[in-house]
Amino acid sequence: METTDTESLEESVETAVRNLTVYGWEGAVKLILTALALLLACLVVKRIILRLLDRGLDRGHIEKSFHAFIRSAANILLWFLTILIVAQSLGVNATSLVALLSIAGLAVSLSVKDSLSNLAGGLTILSSQPFKVGDYVEIGDIAGTVLEIGMVHTKLNTTDNCRLVLPNSTVAAALVRNYSTEPLRRVDLTVGADYNSPVEQVKATLLGIMEAHEKVLPDPAPFARLSNYGDSTIEYTLRAWCLTEDYWEVYYDLLEAIKSAFDAQGIGIPFPQMDVHLDKSEA
């Protein structure tokens, strides 16, 4: 098939050259000038179309990376059409040229299939928009702030200031947790108190800690309940709502305040221990 298309294209080119010879110098110059005029017209039309496309994409508030991809794809398509129109004006068989370019494109796609997989992943990310630049996300077991969403890679910055570059095929297939999309976030903590501490006293102390924190929201109301009986401790679950940007501050503040409040109230926080009972046997 490839040989046939190549031969057809060669025959078309030979025919175009023969036509230039048959037309003579004047006809050949006229044909070339016509082709150049078509090329110029196509370039002008291409520029107009790309400008209109840019305006439409800007008004549509499309992600910049997706914007660049659409523009590049449109530019390639317009160049392809320009080549076909100019080649046909010179007498080259456009069908053979299209077939040959299709085969060449297939060969290139097979040689860069991994990059195409990442490109497909990039299109998936940009179209579904599970996150945007600036969001704090978890992708699989990797967490960080999104710095850039490219067509092939996504870049994250971790909390310890490491730059991570993830292939988009991996990102598109992973479980993504986005912690920045919602304005509110819930802080969940589990703390333990000893069995000698009254349950109502522990609950009141925990609720008082959360209600006293200026960045803990009153609605939804803070929550503190007994959640489990352990071997040496009674576990309590705390839930407090705050603004997303205040999450870590509230999280660490509550942990520190709980220890101080428990010490002040005489509530013990037990550590793992084992009671051993020895029976004295009769001699």
Side-chain angles (χ1 to χ4, degrees), residues 61 63 125 128-149 154-164 166 171 174-275:
H61 304 290
E63 181 73 31
I125 294 169
S128 60
Q129 295 184 335
F131 50 78
K132 63 181 183 299
V133 173
D135 286 353
Y136 183 81
V137 298
E138 235 178 58
I139 301 174
D141 57 352
I142 298 173
T145 302
V146 180
L147 294 181
E148 180 183 332
I149 306 171
T154 294
K155 295 180 181 180
L156 300 182
N157 207 37
T158 62
T159 52
D160 56 348
N161 204 31
C162 287
R163 181 72 51 86
L164 300 179
L166 305 179
V171 176
L175 174 64
V176 177
R177 290 183 175 90
N178 192 331
Y179 295 102
S180 300
T181 53
E182 299 299 327
L184 303 182
R185 191 173 172 191
R186 192 179 73 188
V187 178
D188 291 347
L189 293 173
T190 300
V191 298
D194 59 32
Y195 275 86
N196 294 325
S197 301
V199 173
E200 293 303 322
Q201 179 190 8
V202 175
K203 288 167 54 179
T205 301
L206 294 174
L207 285 172
I209 292 169
M210 291 184 286
E211 291 170 353
H213 197 291
E214 60 180 5
K215 292 189 176 180
V216 172
L217 300 176
D219 186 23
F223 172 94
R225 295 294 298 272
L226 189 155
S227 56
N228 187 42
Y229 292 101
D231 293 335
S232 57
T233 183
I234 297 179
E235 294 181 355
Y236 295 83
T237 295
L238 291 74
R239 294 172 183 166
W241 288 87
C242 63
L243 297 178
T244 298
E245 58 266 27
D246 296 332
Y247 176 84
W248 288 112
E249 182 181 352
V250 172
Y251 180 91
Y252 290 116
D253 284 352
L254 292 180
L255 282 178
E256 294 173 0
I258 288 169
K259 179 65 170 65
S260 300
F262 275 20
D263 289 344
Q265 294 289 331
I267 300 172
I269 301 178
F271 51 86
Q273 56 186 322
M274 180 182 295
D275 293 333

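Computed from a predicted structure; not experimentally measured.
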What do the steps show when you test T145 against Y179 for side chain to side chain contact (heavy atoms under 4.5 Å, CB included), and what is the final call?
CA-CA 10 Å; T145 302; Y179 295 102; over 6 Å; no
What's the verdict on side chain to side chain contact (heavy atoms under 4.5 Å, CB included) for N157 and R163, showing C-alpha distance, side-chain angles and the deciding distance?
CA-CA 5 Å; N157 207 37; R163 181 72 51 86; 3.9 Å; yes
Verdict with reasoning, M210 to L254, per side chain to side chain contact (heavy atoms under 4.5 Å, CB included):
CA-CA 7 Å; M210 291 184 286; L254 292 180; 4.1 Å; yes
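In this structure, the side chains of I258 and L238 come closer than 4.5 Å at one or more pairs of heavy atoms. In this structure, I269 and V191 have side chains that are not in contact, with every pair of non-hydrogen atoms separated by 4.5 Å or more. The closest side-chain heavy-atom distance from F131 to V171 is below 4.5 Å. Taking 4.5 Å as the limit, some side-chain heavy atom of E200 sits within range of a side-chain heavy atom of K203. Contact check for P183 versus L243: no side-chain heavy atoms found under the 4.5 Å cut-off. Taking 4.5 Å as the limit, every side-chain heavy atom of Y136 sits out of range of all side-chain heavy atoms of T244. For the pair W248/V187, no side-chain contact is recorded, criterion being any heavy-atom separation below 4.5 Å from C-beta on.
Closest heavy-atom contact between A143 and T158: O-CG2, 3.6 Å. Here the shortest heavy-atom pairing between T205 and Q265 reads OG1-CG, 3.8 Å. For the residue pair A193 and V202, the shortest heavy atom distance occurs at CB-CG2, 4.1 Å. The nearest pair of heavy atoms linking A174 to G140 is CB-N, 4.1 Å. Taking both residues in full, the closest heavy atoms of P222 and L207 are given as O-CD2, 3.7 Å, listed atom of the first, atom of the second, then distance.
Side-chain atoms of D194 and S197 form a donor-acceptor pair, as typed in the model, at a separation below 3.5 Å.
The number of heavy atoms from other shown groups lying within 6.0 Å of CG (D188) is above 12. Crowding of Y247 atom OH: a count of heavy atoms from other residues, nucleotides or ligands under 6.0 Å exceeding 12.
Here the side chain of D135 pairs no donor or acceptor atom with the backbone of V137 at under 3.5 angstrom. Side-chain atoms of E249 never come within 3.5 Å of backbone atoms of K215 as a donor-acceptor pair (strictly under, hydrogens ignored).
Rounding to the nearest 0.5 angstrom, the gap separating the NZ atom in K155 from the CD atom in E148 is 4.5 Å. With rounding to the nearest 0.5 Å, the separation of CD1 in I125 from NZ in K132 is 15.0 Å. If you take CG on L147 and CD1 on I149, they are separated by 10.5 Å, rounding to the nearest 0.5 Å. Once rounded to the nearest 0.5 Å, the distance linking CG of L164 with CD1 of I142 reads 6.0 Å. Atom NZ of K259 sits about 11.5 Å away from atom CD1 of I267, to the nearest 0.5 Å.
Y229 and Y195 have parallel rings, their planes meeting at less than 30° on a 0 to 90° scale where 60° marks the start of perpendicular.
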